[in-house]
2 protein chains.
Amino acid sequence: MASATATLPVEKDAIPSLLQQHGISPTAQRVEIAGILLSKCQHLSADQVLTRLTEHGASVSKATVYNTLGLFAERGLVRQVIVDPAKVFYDSNVAPHHHFYNVDDGNLIDVNAAEVPIEHLPHAPDGTVAEAVDIVIRVRNTG
Amino acid sequence: MASATATLPVEKDAIPSLLQQHGISPTAQRVEIAGILLSKCQHLSADQVLTRLTEHGASVSKATVYNTLGLFAERGLVRQVIVDPAKVFYDSNVAPHHHFYNVDDGNLIDVNAAEVPIEHLPHAPDGTVAEAVDIVIRVRNTG
DNA sequence: CATTTGAGCTAGACAGAGTCTAAAGCCGGG
DNA sequence: CCCGGCTTTAGACTCTGTCTAGCTCAAATG
């Protein structure tokens, strides 16, 4: 059940076992969705995943796409990125990193965590534990 | 038109001139909305602002609340906080700071920027300029 | 072999946040 | 007094995401 995170892109054949390593039974639809998202380092919304599925000729329902992406995120196979008020992006890169977010065109670019050294974090409020630190550098087109 | 950010809470009487300092003509509705949001250091969604308006007996339409909050954010009078995929929060504190976000109960707590020292930022991608750096520390209730 | 059980999938209804549109109100200048 | 621009408004609309109720299929059971 631990995270045996493969380097991107993940080969088609490797997907079923990768799912199983994350405690996810590899159904046809899940393999299909993972195949699209993990095919390279990218950020896709649920809707974009759905579109690509239909382009690939695979017919997966909207509910399944949402359920599956939620499941993948919960099990650490992908990561949610919340930068756009309108929708959630799913990031195929689960290594610790941050993001540039272009507010003009909605473009999202990875930033290696090592490039943003943080000396120390403040203590989490009483009764809570820190779970993740998300850094978003909002950029805007010049001119 | 520059930012003459008053310390919170902003007195009722000071609101019209504060709006004007940000290049916003102080209509009755805008003064009402600013009065609620700037009454203390807090994070409110558009919907929460709308609710408080009606509680105060002021009748402002939904469209106006959204338009006005968007305008305030654009002019630097308040700040958008994007942490919850479902809705945007408007932060009355525009001083540089970050946030704890409790994913269990949706609670949002300010973190002084000085408590999260960042040595240096990576260069923004070509053709873009950094505009803001948002750090969100996601926490979860213990037990 | 028939039956049951349960996980997973699906279509479509639904909910909530936010945007758009078309009309109406307000207000200052000529 | 009238005109023109800015602001507000109600309500329709869009879009993302969730929920429900039924269906499928495969594995376990008798």
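Computed over heavy atoms, backbone and side chain alike; hydrogens, waters and symmetry mates excluded. Lettering of chains follows the sequences in order, A, B, ..., and the numbering in each one begins at 1.
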Report each atom pair, protein N/O against N/O of nucleotides 15-20 of chain C, whose distance is under 3.5 angstrom.
residue: C/dA17; atom: O3'; partner: B/A86; partner atom: O; Å: 3.4
residue: C/dG18; atom: OP1; partner: B/V88; partner atom: N; Å: 2.9
residue: C/dG18; atom: OP2; partner: B/Y66; partner atom: OH; Å: 3.1
residue: C/dG18; atom: N7; partner: B/K62; partner atom: NZ; Å: 3.3
residue: C/dG18; atom: O6; partner: B/K62; partner atom: NZ; Å: 2.9

Greater than 12 external heavy atoms within 6.0 Å of B/H123's NE2 = no
When all nucleic acid strands are considered with a 4.0 Å heavy-atom cut-off, which category describes A/T27: base, sugar-phosphate, or nothing?
-> sugar-phosphate
Given atom CG of A/L50 and atom P of D/dT18, what is their separation to the nearest angstrom?
-> 14 Å
Provide, to the nearest angstrom, the distance between the CD atom belonging to A/Q29 and the P atom belonging to D/dA26.
-> 12 Å
What is the distance from CG of A/L19 to P of C/dA7, rounded to the nearest Å?
-> 18 Å
Would you mind reading off the distance between A/D84 atom CG and D/dC15 atom P, rounded to a whole angstrom?
-> 14 Å
B/L69 CG - D/dT8 C1' separation (whole Å) | 15 Å
For B/E74, does the CD atom have more than 12 heavy-atom neighbours from other residues, nucleotides or ligands under 6.0 Å away?
-> yes
With a non-hydrogen cut-off below 4.0 angstrom, is A/S59 in contact with a base, only sugar-phosphate, or nothing?
-> sugar-phosphate
For the residue pair A/H97 and A/H43, does the interplanar ring angle fall in the parallel (under 30°), tilted (30 to 60°) or perpendicular (over 60°) class?
-> tilted
Atom CD1 of A/I24 and atom C1' of C/dG8 are separated, to the nearest Å, by 14 Å
Between atom CD in B/E32 and atom P in D/dT8, what is the gap in whole Å?
-> 12 Å
Atom CD1 of A/I137 and atom NE2 of A/H99: how far apart are they, to the nearest 0.5 Å?
-> 11.0 Å
Within a radius of less than 6.0 Å around CD of B/E11, do more than 12 heavy atoms belonging to other residues, nucleotides or ligands occur?
-> no
Phosphate OP1/OP2 of D/dT9 contacted by B/S61 side-chain N/O (<4.0 Å) = yes
Would you indicate, yes or no, if D/dT7 has its OP1 or OP2 atom less than 4.0 angstrom from a side-chain nitrogen or oxygen of B/S25?
-> yes
Between C/dC26 (P) and B/R30 (CZ): distance, integer Å | 16 Å
Nearest-0.5 Å distance, CG of residue B/L77 to CG of residue B/L37 | 8.0 Å
Determine whether A/Q80 and A/F89 make a side-chain contact, defined as any pair of heavy atoms from C-beta on separated by less than 4.5 Å.
-> no
